[in-house]
Amino acid sequence: MIFSKTLTHWYSNNKRNLPWRETKNPYYIWLSEIILQQTQVKQGLPYYEAFVSNYPTVFDLANADESDVLKLWQGLGYYSRARNLHASAKYVVSALGGKFPDNYKDLLKLKGVGDYTASAIASICFNEVAAVVDGNVYRVLSRYFGMDTPINSSQGAKEFKSLAQELIDKKEPAEFNQAIMEFGATQCKPKNPYCNICPFKDGCIAFNKNRISELPVKIKSAKAKKKYFNFLVFISEDGKTILEKRERKGIWQNLYQFPLIETSKSMTYKSFKEEADNYSLLKDLNFELVLYNKEDIVHKLSHQHLYTKFWVINTNRLPIEGVSVEKIRDFAVPILIGNFIESFNF
DNA sequence: AAAACGGGGGT
DNA sequence: ACCCCAGTTTT
């Protein structure tokens, strides 16, 4: 109880003004929660504004084409969020008549909505006593209570959820949930938290045992693997290029890219030219090959590092159907491709 | 239980 | 180089 009171008091004095705090409309809260998964407020904010503006209601989102939803999501990453968002909007409209689920159990049925998001929406919009456990909550609780259980273990997930569910203010679950996350985000930060002015100073085990930098405990993930990407940037005399849709599961599913050749090592101009005939799109094609970037562009994802070269293929005719270079910005592309398109003078 | 899934920002 | 972010889904 004292924990909850201290926390919500802190929150009333320190909460940021954010657009999704002006509403309890579950559609808007849902949008904000999906956008903010593994995403900082600063990065997600403009996307939230864009989605609310382009799709003011769940019906608008449901009626959109997935390609347009992905285009609006471009640059935010974890694109399954956008695909699931769109699929769930269609589900809410077609199966529920547009009435948003109003409890934890039913919210959990939406694609892309897991324990955290269902708890967030249920508590914020419907005052259900469902404790959220996100990265902030793990950090705050592990420090205050001096808990060593790795937060990314199944045991940790159980322990922290259970503790949060005990602590939550049963009368004001919405306030409590948002308060503990805000506290973790702006005060009990990962690095250099403001312990000197912290209202939990006296009771915080990590602070009093000088263990702030050790908590929370997390199991290390595997190191990122290196990959070597070669994109073929076709340019025909009539101003067309080739884009292909990434249909398969994996990164960037349903986004567009230039035809890709993945190699086991970084290619030189000479080695690439020698292999060119083995690539079906280049076989029996007359073309001039220009290497756009001599040094690999390194694009770092959490689980792989992409060493990338863009190969410009000047040709009089394309080997397959192409698209006008003027329309290239209409397609949803990974930011790696988007950056190239912006810097390349088509 | 572990890996996959993006991109930006901080230290 | 390593960590973190209003996590979820697939393997």
With the sugar-phosphate defined as primed atoms, P, OP1 and OP2, and the base as all remaining atoms, what B/S/- string results for nucleotides 3-11 of chain C, 5' to 3', for protein heavy atoms under 4.0 Å? SSBBBSS--

I'd like to know whether NZ of A/Lys161 has more than 12 heavy-atom contacts from other residues, nucleotides or ligands below 6.0 angstrom. yes

Can you give each donor-acceptor pair under 3.5 Å made by side-chain atoms of residues 184-191 of chain A, sequence neighbours left out, with the distance rounded to 0.1 Å?
residue, atom, partner, partner atom, Å
A/Thr186, OG1, A/Glu182, O, 3.1
A/Gln187, NE2, A/Tyr194, O, 3.0
A/Lys189, NZ, A/Tyr194, OH, 3.3

What is the distance, to the nearest angstrom, from the [atom1] atom on [X] to the [atom2] atom on [N]?
X	N	atom1	atom2	result
A/Leu301	B/dA3	CG	C1'	14 Å
A/Tyr79	B/dG8	OH	C1'	12 Å
A/Leu255	B/dC5	CG	P	13 Å
A/Asn152	B/dA3	CG	C1'	12 Å
A/Arg81	B/dG8	CZ	P	12 Å
A/Gln257	B/dG6	CD	C1'	15 Å
A/Ile335	B/dC5	CD1	P	18 Å
A/Trp73	B/dC5	CH2	C1'	13 Å

Take A/Leu336 and A/Lys189, find for each the nucleotide of DNA chain B with the closest heavy atom, and name the residue whose nucleotide sits nearer the 5' end. A/Leu336

Pick the nucleotide of DNA chain B nearest each of A/Ser153 and A/Ile251; which residue has the one closer to the 5' end?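 With A/Ser153 and A/Ile251 compared, the 5'-side residue is A/Ser153.
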
What distance, rounded to whole Å, do you find between the two C1' atoms, one in C/dC3 and one in B/dG6?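 Their C1' atoms lie roughly 16 Å apart.
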
For atom P, what is the distance between B/dT11 and C/dA6, given to the nearest Å? 14 Å

Could you tell me which residues satisfy salt bridge (charged side-chain N to carboxylate O under 4.0 Å, His left out) with A/Asp102, sequence neighbours excluded, listed by chain and number? A/Lys99

Starting from Watson-Crick (N1-N3 plus N6-O4 or O6-N4) and G-U wobble pairs under 3.5 Å, report the runs of at least three that DNA chain B belongs to. B:1-5 with C:7-11, B:7-11 with C:1-5

Heavy atoms under 4.0 Å, any strand shown: does [X] hit a base, just sugar-phosphate, or nothing?
X	answer
A/Gly250	sugar-phosphate
A/Gln304	sugar-phosphate
A/Leu76	base

Find out if a path of hydrophobic residues (ILVMFWY) with successive side-chain heavy-atom gaps under 4.5 Å connects A/Leu108 to A/Leu96. no

Should the ring pair A/Phe145 and A/Phe3 be called parallel, tilted or perpendicular, given that the plane angle runs from 0 to 90° and is split at 30 and 60?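 Correct class here is tilted.
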
What orientation do A/Phe231 and A/Phe258 show, parallel under 30°, tilted 30 to 60°, or perpendicular over 60°?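 Ring orientation, 0 to 90° scale: perpendicular.
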
Please output the side-chain donor-acceptor pairs of residues 330-346 of chain A that fall under 3.5 Å, not counting sequence neighbours, one pair per line with the distance.
residue, atom, partner, partner atom, Å
A/Asn339, ND2, A/Ile335, O, 3.3
A/Glu342, OE2, A/Arg329, NE, 3.2
A/Ser343, OG, A/Tyr292, OH, 3.1
A/Ser343, OG, A/Asn339, O, 3.3
A/Ser343, OG, A/Phe340, O, 3.1

Below 4.0 Å: OP1/OP2 of [N] and any side-chain N or O of [X]:
X	N	result
A/His299	B/dG6	no
A/Lys300	C/dC2	no
A/His303	B/dA4	no
A/Trp252	B/dG7	yes

Sort out for me which residue in A/Tyr48, A/Tyr28, A/Tyr47 forms a ring pair (Phe, Tyr, Trp, His ring centres under 6.0 Å) with A/Trp20. A/Tyr48

Residue list, side chain to side chain donor-acceptor pair (under 3.5 Å) with A/Lys201, at least two apart or on another chain: none

Counting the benzene-type ring for Trp, do A/Trp30 and A/Phe100 have ring centres under 6.0 Å apart? yes

